[in-house]
Amino acid sequence: MVVGVGCAAVAALLSCFLVVLPLRCAGRTDLKSPQDIQVYVVNTNFTLRWNYTGNDTNVTFSAEYRWCESVDTNEKEWKTEWKELPGCQNITLTECDFSSAITKYYDEHDVRIRAERGEELSPWSSIFEMTPYAIAQIGPPGVELQSTNGVIKIKVSPPEANQVRKMWIADLSFKYILVIWENSSNPEVRSQSIFPTDTIDDLAPDTTYCLKVQATLPSEYQEGLFSPIHCVKTTHKVNDLLCATNVRILALNMKFHLHWNNQYKQRVSYNVQYLIGYLKEVPGDYSTKWLSVPGCENITDTQCDFSSIISTTPGFYYLRVQAMSEYNKSCLSNEVKVDPLITNEIGPPDVKVDISDVSLHIQISPPGGSECEIMRDHYDLSYRILYWKNSSNNEEEVKMKEVKQTIATVSDLTPSTSYCVKVQAFSEAYNKSSDYSKEECIKTPGDKTLPLIILATFVTALIAVLLVATPLVFGLYHIYNKIKYVFFPSCQPPLNIEGFGGQVFSSLYLSTTDEPIENCSIIEAITEEVNQIVFKDYNHSKQSSRDSGTYSNDSDTSGSKASEETLEKEIV
């Protein structure tokens, strides 16, 4: 039994050995895989680094890579299968340079690595995915220094200057940051932007300064590595009295003037020169690209109008003054920078004030006048209006109103009151504001409310009187007609009954010229007393009436005659 068990154990171990041996021959091993795979890219230089925690000796490392082009966001088209990564085969260190293998900087790449010992191979590490351009760092720029006449002249070259393969194609997009300090135990470090070719001034003479330069891509928010530190000693600056000093720019409403001081006691003439700003951003020598300002050549005055070179296109300029003596000696001043829309100052606007009722109408003329297109189109001006009562009371409140238009109205003012107005122009985008314009004062008209109330009251009362008086007058007139009809009838009695009843009727007759007499008919019911009237009396009355000429109207006369004939017949 023991022998049988021993044979069985030996057979089991033999079978295990026979199984494991082919696996080890096939590359299976207990070697650990590398960890923490990282790729570092500086310009077009690629470095692969990793960690290995195994205690194995005589271990080397080999890497593989593949790259693809993205078809869309969800698919990838691999251009190659896994293949050996050049520069990273059988490496004993934990890093390798594989810069020669990568040429597609905008495509995705995969990298993996494994440990090796003889024929033993570890499993592959996790895959490191990368797009070179996305993880690349900007390398340090090249720096050249020259100390002369108390200043340091510096020349900076792009990080990949003179290289065939470049990660950063747009060299002109680089901006450079200079960090400089005195080489002392307690230095004061200062930082400033510089151009590829620039001058560092305001330095102490006979002093050693150290500096370093960094290239950046502001548009992509990338900052590069600093250059190695360079140190240089300054010299003494020679004070040449011929040079123009205190060069400065005065600009108002896009009218630009350059001023400077003259400390030279003999005859001197000046030539003002300018350089278009972007030329300084281009690496290289721009000393031959300075131009003379028209109208500012060979002048003896210490000021010059250079508005003619300022265009409406965005950009900046540099100006300098070249002084020339009668002995053909020349000297260049320091350079001054002018960015038109930033350097320019805004002048006060012109204001006109008019009034109607109790509203102020304010008309604003923009600074610079209507002919200045840059002021009108580029500054996008707004206006701040201040207005107040012009009185001896110093506590009167000053009110403010902001508008963007050049016409404004201020309402709700007090009648019969003097108001003053002044206006300020300002630009929020450039954080600039003008002085206030001259004060313009005007008086509001008197209060028209009371006269209007009086007039309205009078008209209302007049209408009420008319409404009441019209029916009253009509009623009185109707009553008057009734009374007149009853007590003073218009019908006249006939002539043949003028003295009827012993009454005197002749007094009731009126002249035909005074009042027309209506035709009347004689009532037939005549009493018997009429028949007893003596005919001669009738004839006498008739003769009197005819002689008096009272009835001059034909119709009345004919009526009288008819009445007489009728009466005569009745008598007969």
Side-chain angles (χ1 to χ4, degrees), residues 140-159 161 171-172 174-183 187-216 226-249 258-261 263 270-293 306 315-324 329-339 342-343:
V143 177
E144 297 180 15
L145 300 178
Q146 180 184 4
S147 178
T148 177
N149 197 23
V151 300
I152 297 176
K153 292 184 177 181
I154 184 171
K155 183 178 180 181
V156 181
S157 55
D171 289 347
L172 300 182
F174 282 120
K175 305 296 180 182
Y176 299 100
I177 305 298
L178 169 73
V179 177
I180 186 171
W181 63 93
E182 289 186 16
N183 188 15
E188 179 182 353
V189 179
R190 69 175 184 178
S191 177
Q192 67 185 70
S193 298
I194 60 172
F195 293 107
T197 302
D198 212 335
T199 299
I200 308 170
D201 50 14
D202 297 331
L203 302 176
D206 291 329
T207 303
T208 300
Y209 286 88
C210 295
L211 56 86
K212 58 183 180 179
V213 181
Q214 177 191 43
T216 66
F226 277 97
S227 66
I229 296 176
H230 299 263
C231 295
V232 64
K233 187 176 182 180
T234 58
T235 62
H236 279 279
K237 185 175 183 179
V238 178
N239 186 16
D240 192 343
L241 297 178
L242 179 62
C243 293
T245 60
N246 193 22
V247 182
R248 60 202 180 276
I249 296 173
L258 186 68
H259 294 253
W260 61 89
N261 293 342
Q263 55 183 355
Y270 300 100
N271 182 29
V272 180
Q273 301 174 339
Y274 74 97
L275 177 73
I276 299 176
Y278 80 88
L279 294 175
K280 278 200 170 189
E281 298 180 353
V282 180
D285 184 13
Y286 55 81
S287 60
T288 60
K289 298 179 181 179
W290 287 86
L291 303 174
S292 296
V293 176
F306 64 95
F316 58 96
Y317 306 84
Y318 286 90
L319 289 101
R320 67 185 183 184
V321 180
Q322 181 185 31
M324 296 172 291
K329 179 184 176 183
S330 66
C331 180
L332 293 173
S333 69
N334 292 335
E335 302 171 6
V336 292
K337 178 182 178 181
V338 51
D339 191 335
I342 296 177
T343 306

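Here the rule is side chain to side chain contact (heavy atoms under 4.5 Å, CB included) with I200, and of V151, L145, L178 only L178 fits it. Residue K237 forms a side chain to side chain contact (heavy atoms under 4.5 Å, CB included) with just one option from L203, N149, D201, T148, and that option is N149. Across Q146, E335, K153, a single residue satisfies side chain to side chain contact (heavy atoms under 4.5 Å, CB included) together with T199, and that is K153.
Between I229 and W181 there is a side-chain heavy-atom pair separated by less than 4.5 Å. C243 has its side chain out of reach of S333: every pair of non-hydrogen atoms, C-beta onward, lies at least 4.5 Å apart. Counting heavy atoms from C-beta outward, L275 and K280 have side chains that approach closer than 4.5 Å. Contact annotation: the side chain of Q273 approaches that of Q322 to within less than 4.5 Å [non-hydrogen atoms, C-beta and beyond]. Taking 4.5 Å as the limit, every side-chain heavy atom of R248 sits out of range of all side-chain heavy atoms of V336. Side-chain atoms of V272 and W260, non-hydrogen and from C-beta on, do get closer than 4.5 Å to each other. Side-chain contact between I154 and E144 is absent, with no heavy-atom pair separated by less than 4.5 Å. Q263 is listed as a side-chain neighbour of T245, based on a closest heavy-atom distance under 4.5 Å.
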Stepwise, does the side chain to side chain contact (heavy atoms under 4.5 Å, CB included) test hold for V179 with L211?
-> CA-CA 5 Å; V179 177; L211 56 86; over 6 Å; no
Would you please test W290 and Y318 for ring pair (Phe, Tyr, Trp, His ring centres under 6.0 Å) and show each step?
-> CA-CA 9 Å; W290 287 86; Y318 286 90; 7.3 Å; no
Please assess L258 against V321 for the test side chain to side chain contact (heavy atoms under 4.5 Å, CB included), listing each intermediate value before the final yes or no.
-> CA-CA 9 Å; L258 186 68; V321 180; 3.8 Å; yes
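For T197, the side chain to side chain contact (heavy atoms under 4.5 Å, CB included) partners are K155, Y286, not counting sequence neighbours.
Minimum interatomic distance between L172 and E281 (heavy atoms only, all atoms of both residues): CD2-O, 4.3 Å. Nearest heavy atoms, F226 versus I177: CE2-O, 4.5 Å. In terms of heavy atoms, A244 sits closest to Y270 at CB-CE2, 4.3 Å. Heavy atoms only, all atoms of each residue included: P196 and P283 are closest at CB-CA, 4.0 Å. The shortest non-hydrogen separation linking F306 to I249 is CZ-CG2, 3.9 Å. Closest approach of H236 and P205 over heavy atoms only: ND1-CB, 3.8 Å.
When atom types are taken as modelled, the side chain of T208 and the backbone of N183 share no donor-acceptor pair closer than 3.5 angstrom. For S287 (side chain) and D285 (main-chain N/O), no donor-acceptor pair under 3.5 Å exists by modelled atom type. For S227 (side chain) and P140 (main-chain N/O), no donor-acceptor pair under 3.5 Å exists by modelled atom type. For T216 (side chain) and K175 (main-chain N/O), a donor-acceptor pair under 3.5 Å exists by modelled atom type.
Below 30°, between 30° and 60°, or above 60°: for F174 and Y176 the angle between ring planes is between 30° and 60°, a tilted geometry.
For K337 and F316, the positive end sits near the middle of the six-membered ring, less than 6.0 Å away and at most 45° from its axis.
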